[in-house]
Every structure is written in structure tokens, then in C-alpha cells.
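First the structure, in the form of C-alpha cells, and then the observations on it.
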Number of protein chains: 2
Amino acid sequence: MNISRGPGQAPKYQRLAADLRRRIAAGEWQGEAALPVEAELEMQYGVARNTVRLAVDVLVNEGLLIRVQGKGTFLKDRSVLDHHAYRSPSEPWPGDSLARPSEVYTEEAQAAGRKLTADFEMLIVRARTDIADRLGLRPGEAVVVRRMLRLLDGEPWSIEESHFAAGLAAGTPLMEPDPVDGGDEAVLGDIGRVEVGAVDHLSARMPGPEEAQWFQAGPGVPLMVQTRATYDTRGPVRVIETRYSADRSRLRYGLGTPVVR
Amino acid sequence: MNISRGPGQAPKYQRLAADLRRRIAAGEWQGEAALPVEAELEMQYGVARNTVRLAVDVLVNEGLLIRVQGKGTFLKDRSVLDHHAYRSPSEPWPGDSLARPSEVYTEEAQAAGRKLTADFEMLIVRARTDIADRLGLRPGEAVVVRRMLRLLDGEPWSIEESHFAAGLAAGTPLMEPDPVDGGDEAVLGDIGRVEVGAVDHLSARMPGPEEAQWFQAGPGVPLMVQTRATYDTRGPVRVIETRYSADRSRLRYGLGTPVVR
DNA sequence: GGTGATTTGTGCGTATGTATT
DNA sequence: TAATACATACGCACAAATCAC
């Protein structure tokens with residue numbers, strides 16, 4: 001392919017990126033195979049190393065390729081784990097359709113032949129304004145954050161943070177720096193705050209530096225953010241913000257009357 | 001700030017990026033203000049232009065900054081439009097909680113003081129394997145795709161594609177290259193295929209080149225992808241895949257018993 | 001309407017650092 | 001240890017878009 005630049009043409013590096021994209025789509029390299037090394041691409045296309053890197057940058061930022069220093073440039077693998085974020089109330093399933101004790105995650109992973117582990121942290125912070133809003137608190141009020149860091153086959157998968165008003169958590173096991181058997185909803189049940197409804201907000205964005213580090217997310221891998229505000233008959237109970245590495249997860253919502261398949 | 005690189009330190013451009021991130025967070029530039037020009041940053045930090053560009057690249061890919069040739073580098077604006085992807089059946093709302101005629105979008109935009117317009121296309125294609133799967137078709141069977149391109153204040157906002165089995169659409173207005181009053185569900189109702197349930201899958205990824213062009217999405221702006229498979233009592237009805245520019249949209253799901261706020 | 005100054009975009013070359021094999 | 005391959009960093013030149021005059 002000739003990528004010399006004429007007038008009215010796209011820049012070289014973009015044309016090079018397009019050609020590499022085409023060769024990838026054509027299956028020239030399979031699986032997680034390595035691409036030709038940069039020096040080889042320089043020669044194949046007769047361009048400077050800089051131009052090769054600009055082109056590969058494009059595909060890396062699209063999430064198609066990953067670069068590994070000292071090894072090479074590789075096709076990126078994409079295998080996702082579905083998570084049931086919600087089931088229709090009538091879908092047969094042990095427990096509530098809003099509840100999500102840790103066992104749910106473990107089971108989903110096992111069903112997919114994969115292994116899910118988790119770390120736990122508890123912290124007390126001043127609420128972000130959007131969280132305070134949804135909990136019905138004044139801005140800057142203290143909230144208890146219970147954070148679950150989930151790993152899939154040892155790779156970072158999601159960060160789940162449950163936010164409780166300090167008043168609600170006081171005097172309960174939610175103040176302890178340990179996960180609770182049966183999930184936090186067990187505690188909520190004990191104090192008569194059974195969640196009956198929720199509103200989820202879903203968005204996506206690129207990770208910040210700390211997030212990119214924890215998720216081991218290179219360029220081209222967005223985060224998917226699920227923010228769930230739950231309610232009982234008295235009012236707001238908690239806000240759960242869960243961040244997923246988008247290249248490893250997909251969320252599923254069962255809506256309306258479930259259909260047997 | 002001194003960003004000379006010592007041993008064991010992060011690379012210059014990363015430290016420069018971190019410092020710029022800090023200055024942005026500190027509010028040194030407000031609104032959509034311009035950052036110092038590249039030459040100015042070169043001098044401030046005493047580095048080569050290349051290094052400045054690498055650092056700014058980082059922040060652009062995080063979605064924090066945008067660059068405009070001939071003008072400068074600017075803070076990126078983020079204003080999102082919420083879309084009600086699902087409402088609890090008991091939430092008061094005209095029409096079904098699964099249905100989404102165009103009017104819903106228009107109303108949501110109006111409520112936010114913005115204007116939503118749309119273009120329509122109809123095409124007949126061989127089904128992608130995942131679509132065929134969910135429609136219960138053999139791979140490669142023909143499907144009718146009804147595509148709605150939605151613009152918010154004239155800016156690209158979402159692409160919605162409804163996929164119907166060719167057999168189902170035959171002989172109905174779904175074969176016409178025009179939108180249907182009341183939405184496609186009006187046609188489905190007429191032929192006795194009232195959707196009673198659905199399964200949504202949500203994911204996020206970076207746009208491909210055509211998508212990036214249509215969405216006018218620079219680097220750092222992911223797509224959010226919602227795939228809804230709907231059912232009536234007889235089986236699959238349609239698959240709706242909607243792609244949103246993640247920096248302009250947020251999806252809302254009302255779950256369980258709705259709570260008055 | 002045009003001209004030049006400003007600012008980012010593209011492209012080349014070179015050298016050296018660092019991780020992997 | 002040596003070779004390989006990507007990462008970082010410098011410098012330079014010109015193109016293309018924008019804007020002020």
C-alpha cells in the first residue's frame with residue numbers, strides 16, 4: 001500500500017492506521033498475536049518511526065491494540081463477564097431482585113468458569129455533592145463508605161462503593177471494617193430498612209490516573225459507571241456507585257415480564 | 001514546579017500531565033477557558049514541544065481537554081442529557097414502561113431546555129451473529145433495520161437501530177423508509193405483537209473511525225451501548241441497539257417500587 | 001476580502017532509557 | 001550479557017486552521 005500524502009488526503013498516520021485496521025479486520029494476525037515491530041512497519045510503509053507510533057496510538061486508543069515494552073504490539077483480547085444488575089421481580093431467583101450479596105458475583109463468575117475474589121475497605125468521608133443529594137443530606141455531611149474491590153481471575157474487575165448516611169449506619173455492623181455475611185442488605189433488614197425500589201444511572205467515561213492504575217487499564221479502555229440510589233418506604237437508604245472496566249464487563253437488566261428461553 | 005527527571009521517577013510528560021491535572025482541578029482555568037499555548041508551556045516547564053504534546057495527549061485521552069487547531073487547548077464542557085431507558089411499571093407515565101416513541105426523547109430534551117431532532121433511515125442487511133441469536137434467527141438471515149439518528153441542539157447524540165426479522169416486518173409499515181407515528185411499537189400492536197418484557201445489555205467502548213466521525217467524538221470520549229431484546233408472549237420481537245456519546249448522555253432505570261421524591 | 005500572526009497538526013531525524021527475551 | 005522492542009525526549013520544518021487587522 002502506498003501511503004504517500006497527496007493534497008486533500010488524510011494524514012499519513014491516519015491512512016496508516018486505517019490500513020492496519022483493515023489488516024486486523026481481515027484477520028492477518030489472529031488471537032493475541034503480535035504485530036510487526038515498529039522498525040518493520042517503518043520499512044513496509046516507508047515512513048518515520050514517529051509516524052508509525054502515531055498510527056499505532058490511534059488503534060491503541062480505540063482499544064484494538066496493546067503495546068508491551070520490550071515485547072511488542074499485540075491484538076487485544078476481549079472477554080466479558082455479564083453481571084445481572086437487575087432481574088424482573090418475577091424472575092425466579094433466590095432473594096430480592098435489588099439485593100446483590102457477594103455470592104451473586106461469585107456464582108456468576110463460577111458459571112462462566114472464572115474465579116472472583118474481593119478486597120474490602122471501610123472509610124468515612126464527606127459526601128460528594130451528587131451523593132449527598134441523592135441521600136437527602138446536606139452537602140459535606142459525613143457518610144460511611146463500604147468499598148468492595150473485585151477481581152476476576154486475579155485481574156481488576158470492579159469497584160463497588162456503598163454510601164450510607166452516618167446516622168443510619170451508627171450502632172450497626174456497617175461501622176465495622178469488615179464485609180457482612182449476606183451483604184449489607186442483611187443489616188438493613190435488621191434495622192427495618194428494607195429496600196423496595198431504586199433508580200440507576202448509567203454512564204461511561206475514561207478513567208483518571210488512579211483508576212487507570214488500579215484497573216490496569218491502558219488507553220482505549222473506558223469505565224462504565226453504575227450509580228444506584230435505593231429507597232425504602234421511609235426514603236433514601238444508600239447510594240451504590242460501581243465502576244467497571246468496560247472491556248471486561250457487561251451489565252444485564254431484566255425488565256417487564258420475564259420470558260423463558 | 002521542577003519536572004527534571006531523576007532515577008525512579010515517572011517520565012517527564014507524565015509528571016507534566018499530573019501537574020496540569022492539578023492546576024485544572026485547582027480551578028486555575030475556569031469554564032471552557034483556554035490553557036496556555038504549547039510554546040508557553042514549553043517555557044514554563046523547560047521541555048521540548050514534543051513532551052508538552054505527550055502530556056496534553058494524556059489529558060485529552062482522559063476527556064479533560066480538547067484541542068482545536070489554530071485556536072488552542074481548552075477545558076472540556078460536560079453537560080449530559082438524562083434518558084429514561086426504563087420506568088417501573090407503576091411509575092405514573094403515559095404509555096408503557098418499555099415503549100419509547102420519539103416523543104419521549106423530545107419531551108426529555110424540552111424539559112432540559114434543549115432541542116432534539118432526528119434523521120431516519122431504513123435498511124435491510126444480513127443480521128450480525130449476536131443480533132440473529134437474540135432474534136432466534138439463523139446466522140446471516142436478513143433483518144430490517146430502522147435507524148434513528150438523534151441530534152441534541154444540533155450535535156450528534158445517539159444512534160438507535162431497531163432490528164426486525166424480515167418475516168415479521170413483511171407487509172407492514174416497518175418496510176417503509178419512514179418513521180412511524182407513535183413509534184414502531186404502534187405497528188407491533190397492530191399485528192398483535194405487544195412487547196411485555198425485555199433484556200437490556202449495557203456496555204461501553206471507544207468508537208471506531210466512522211462512529212467517531214459521526215459523533216464528532218474526539219479522543220477520550222467513549223460510546224455507551226445499550227442493546228435491548230424485547231419479547232411478547234410468543235417470543236423475540238426485536239433487538240434495539242442504541243449507541244450514545246457517553247459525554248452527552250446518561251441512562252436512567254427506575255427499578256422496583258417507585259418512590260415519590 | 002486579504003494578509004500576516006498565532007496556534008495546533010503532521011512528519012522527519014536522532015539519541016538514549018527501560019523492559020523483555 | 002547481548003539483542004530486541006517499545007518508551008521517552010530533544011530538535012526542526014512545514015502544513016492547516018483560526019483570528020486580528
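Just so it is clear, the model here is predicted, and its values are computed rather than measured.
- Side-chain atoms of Tyr13(A) lie closest to dG11(C) of the nucleotides dT8(C), dG11(C), dC10(D).
- The pair Glu211(A)-Arg205(A) meets the salt-bridge criterion, since a charged nitrogen lies less than 4.0 angstrom from a carboxylate oxygen.
- As a whole-Å value, the separation of Leu54(A) CG from dC6(D) P is 15 Å.
- In this view, Tyr253(A) and Tyr253(B) satisfy the ring-ring contact (aromatic ring centres under 6.0 Å, His included) rule, not counting sequence neighbours.
- Under the side-chain contact (heavy atoms from CB on, under 4.5 Å) criterion, Pro219(A) pairs with Val60(A), Asn61(A), sequence neighbours left out.
- Classification of Lys12(A) and Asp19(A) as a salt-bridged pair fails, no side-chain N sitting under 4.0 Å from a carboxylate O.
- Salt-bridge check for Arg128(A) with Glu241(A): passed, with a basic side-chain N closer than 4.0 Å to an acidic carboxylate O.
- In this structure, of dT10(C), dC10(D), dT8(C), it is dT8(C) that holds the atom nearest to the side chain of Thr73(B).
- Evaluation of atom-type donor-acceptor distances gives no pair under 3.5 Å for the side chain of Arg49(A) against the base of dA5(D).
- Looking only at distances, a side-chain donor or acceptor of Asp153(A) sits under 3.5 Å from a matching main-chain atom of Lys115(A).
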Table of protein N/O atoms under 3.5 Å from nucleotides 1-3 of chain C N/O atoms:
none

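- Regarding Phe74(A), its CZ atom lies at a distance of 16 Å from the P atom of dT4(D), rounded to whole Å.
- In this model, the phosphate group of dT10(C) is approached by a side-chain N or O of Gln14(A) to a distance below 4.0 Å at OP1 or OP2.
- Close to dT8(D), at under 4.0 Å from its OP1 or OP2, lies no side-chain N or O of Thr51(B).
- Every residue was checked against the salt bridge (Lys or Arg N to Asp or Glu O under 4.0 Å) condition with Arg126(B), not counting sequence neighbours, and none meets it.
- Of the candidate nucleotides dT8(C), dT8(D), dC10(D), dT8(C) has the atom lying nearest to any side-chain atom of Arg67(B).
- For Gln69(B), there are no side-chain contact (heavy atoms from CB on, under 4.5 Å) partners two or more places apart in sequence or in a different chain.
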For nucleotides 19-21 of chain C, list the nitrogen or oxygen atoms of the protein found under 3.5 Å from its nitrogen or oxygen atoms, one pair per line.
unit_1  : atom_1 : unit_2   : atom_2 : d
dT21(C) : OP1    : Lys71(A) : NZ     : 3.4

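- Relative ring orientation between Tyr105(B) and Trp157(B) is described as perpendicular, the plane-to-plane angle rising above 60° on a 0-90° scale split at 30° and 60°.
- The CD1-C1' distance, from Ile66(A) to dA7(D), rounds to 16 Å in whole Å.
- Put simply, CD on Glu38(A) is 20 Å from P on dA3(D), counting in whole angstrom units.
- With dC12(C), dC6(D), dC10(D) as the choices, the nucleotide that has an atom nearest any side-chain atom of Arg53(A) turns out to be dC6(D).
- Put simply, CG on Leu41(A) is 14 Å from P on dC12(C), counting in whole angstrom units.
- Salt bridge present: Arg243(B) and Glu161(B) bring a charged side-chain N and a carboxylate O closer than 4.0 Å.
- Here Lys12(B) reaches the OP1 or OP2 of dC10(D): one of its side-chain N or O atoms lies under 4.0 Å away.
- If you measure from atom CG of Asp57(B) to atom P of dT8(C), you get 13 Å, rounded to the nearest angstrom.
- Between Asn50(B) atom CG and dT8(C) atom P there is a gap of 15 Å when expressed in whole angstrom units.
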